[in-house]
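The structure appears right after this line, and notes come after that.
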Amino acid sequence: LINLHPFTNKEAPMEFTPQQFVEIAQTIFIILIMEGILSVDNSSVIAAMASKLPDQPVVAPQRFQKLFDRLGNQQDAARKIGIIFAYIGRFIMLIIASVLIDNIAIRLFGALYLIKLAVKHLSVADQPGEQKIIHDQKVPTFWGTVFTIIVMDMTFSLDNVVTAVGINDELWIVLLGVGFGIITLMFASGWAMKMIKQEPRYEIIAYLLILEIGVGLFLETIGIIHIEMLHKFALSLGTILAVVIYIKLPHSSERDMYLIEPWGHIFGNVNETLDSVTRLVVRYAKYLLTIGLRALDAIEPAKPNISIE
């Protein structure tokens, strides 16, 4: 599906005609636009994840401490490392793009992961004692946050990877375009994190975008709808503008009670249901694993037939 030239074909001459230069420039431009559209969602989400970390230096082994000091505090370091490894992840995804296109399980898992993450943070308790259940989560760790950023970026970019491969089958051209997009994401996420620090309520934008992408990916995977890229961009931009306008309005507890809390209660019930299903699946998986191990232990290895004359 993908041509690894010029990485694997060292004997191939690196000569291009003017027409090929134009085609390469067009491909990079299209991919850069796609990455720019994706950055609207990605930058908000990465900023929300990283902003939960303390504004303190990263504690690393002595030999790597200077490197981490250059990356900034934990928030900046997690954002930068997460984006860098996400680029490596996209490189792998580009190579196995044909698998991603046909593997429904991977796409469904990614969609459900995003939905669960979103409803967890958008939930509002509607019963006594439920608030602790909803928000009973561990304090985010540095490497845990980096891992979350990597997984989310790769899940977000599933459709972009498949589309990029369809545009041009030359891997190095696609990677070059994605690389420019990653640079854009690096700056955009830094700007978004500054905005969240100034107004923490902007964090809700990130989780609404996560929910939109998760639901869209789920519906597309099961074949109900197909959402064009520009429509996704318009929906994301509309969500951002709507939340910003709402936050800028004078505070009203009555308005929040009628417009925000009901949805928070719905998300809380969905989150509780997903937690129950997850616990049930894990319990059955452990049970089946235990049965399998017992069955293996019950099988005695055949004794060698040794005759002594």
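Under the 4.5 Å side-chain heavy-atom criterion for ILVMFWY residues, no single connected hydrophobic cluster contains both Leu209 and Met193. When the side chains of ILVMFWY residues are joined at heavy-atom separations under 4.5 Å, either directly or via intervening members, Ile81 and Ile88 end up in a single hydrophobic cluster. Under the 4.5 Å side-chain heavy-atom criterion for ILVMFWY residues, no single connected hydrophobic cluster contains both Phe109 and Phe147. If you chain together hydrophobic residues whose side chains sit under 4.5 Å apart, Leu219 and Ile115 fall into the same group. Criterion: ILVMFWY side-chain heavy atoms under 4.5 Å apart, direct or through other members. Under it, Val243 and Leu249 are not part of a common hydrophobic cluster.
The shortest side-chain heavy-atom distance between Leu122 and Ile204 falls under the 4.5 Å cut-off. Residues Met49 and Ile46 are not in side-chain contact: their nearest non-hydrogen atoms beyond the backbone lie 4.5 Å or more apart. The side-chain heavy atoms of Phe142 and Phe68, taken from C-beta on, include a pair separated by under 4.5 Å. Counting heavy atoms from C-beta on, the side chains of Val119 and Leu274 come closer than 4.5 Å. Side chains of Thr148 and Tyr113 form a contact here, defined as non-hydrogen atoms less than 4.5 Å apart. For the pair Val146/Thr141, no side-chain contact is recorded, criterion being any heavy-atom separation below 4.5 Å from C-beta on.
Once rounded to the nearest 0.5 Å, the distance linking CZ of Phe64 with CG of Leu71 reads 12.5 Å. To the nearest 0.5 Å, the span separating CG on Leu114 from CD on Glu212 amounts to 12.0 Å. In this structure, CD1 on Ile205 lies 9.5 Å from CD on Glu199, to the nearest 0.5 angstrom. Between the CD1 atom of Ile240 and the CG atom of Leu208 there is a distance of 10.0 Å, given to the nearest 0.5 Å. Between atom CG of residue Leu112 and atom OG1 of residue Thr278 there is a gap of 9.0 Å, rounded to the nearest 0.5 Å. With rounding to the nearest 0.5 angstrom, the CH2 atom of Trp143 is 8.5 Å from the CD1 atom of Ile150.
Heavy-atom contacts from other residues, nucleotides or ligands closer than 6.0 Å to OH of Tyr246 number more than 12. Open room surrounds NZ on Lys194; 12 or fewer heavy atoms of other groups in view lie less than 6.0 Å from it.
Nearest heavy-atom pair, Ile210 versus Ala118, reported as atom, atom and distance to 0.1 Å: CG2-CB, 3.9 Å. Shown here for Met195 and Tyr202, the closest heavy-atom pair between the two residues is O-CD1, 3.6 Å. Residues Gly214 and Ala111 come closest through the heavy atom pair O-CB, 3.4 Å. The two residues Ala78 and Leu53 come nearest to each other via the heavy atoms CB-CD1, 3.5 Å. Contact record, Ala48 with Glu203: CB-CG, 3.9 Å, taken as the closest heavy-atom pair.
Under 4.0 Å is where a charged nitrogen must lie from a carboxylate oxygen, and between Arg79 and Asp76 at least one such pair does. Using a 4.0 Å cut-off between charged nitrogen and carboxylate oxygen, Asp275 and Lys116 count as a salt-bridge pair.
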Candidate pair Val58 and Asn73, rule side chain to side chain contact (heavy atoms under 4.5 Å, CB included), full reasoning: CA-CA 6 Å; Val58 180; Asn73 58 25; over 6 Å; no
Chi angles and distances behind the side-chain hydrogen bond (donor to acceptor under 3.5 Å, both in side chains) call for Ser51, Gln75: CA-CA 6 Å; Ser51 64; Gln75 297 175 354; over 6 Å; no
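Ring pair Phe267/Trp263 is tilted by interplanar angle, where 30° to 60° counts as tilted.
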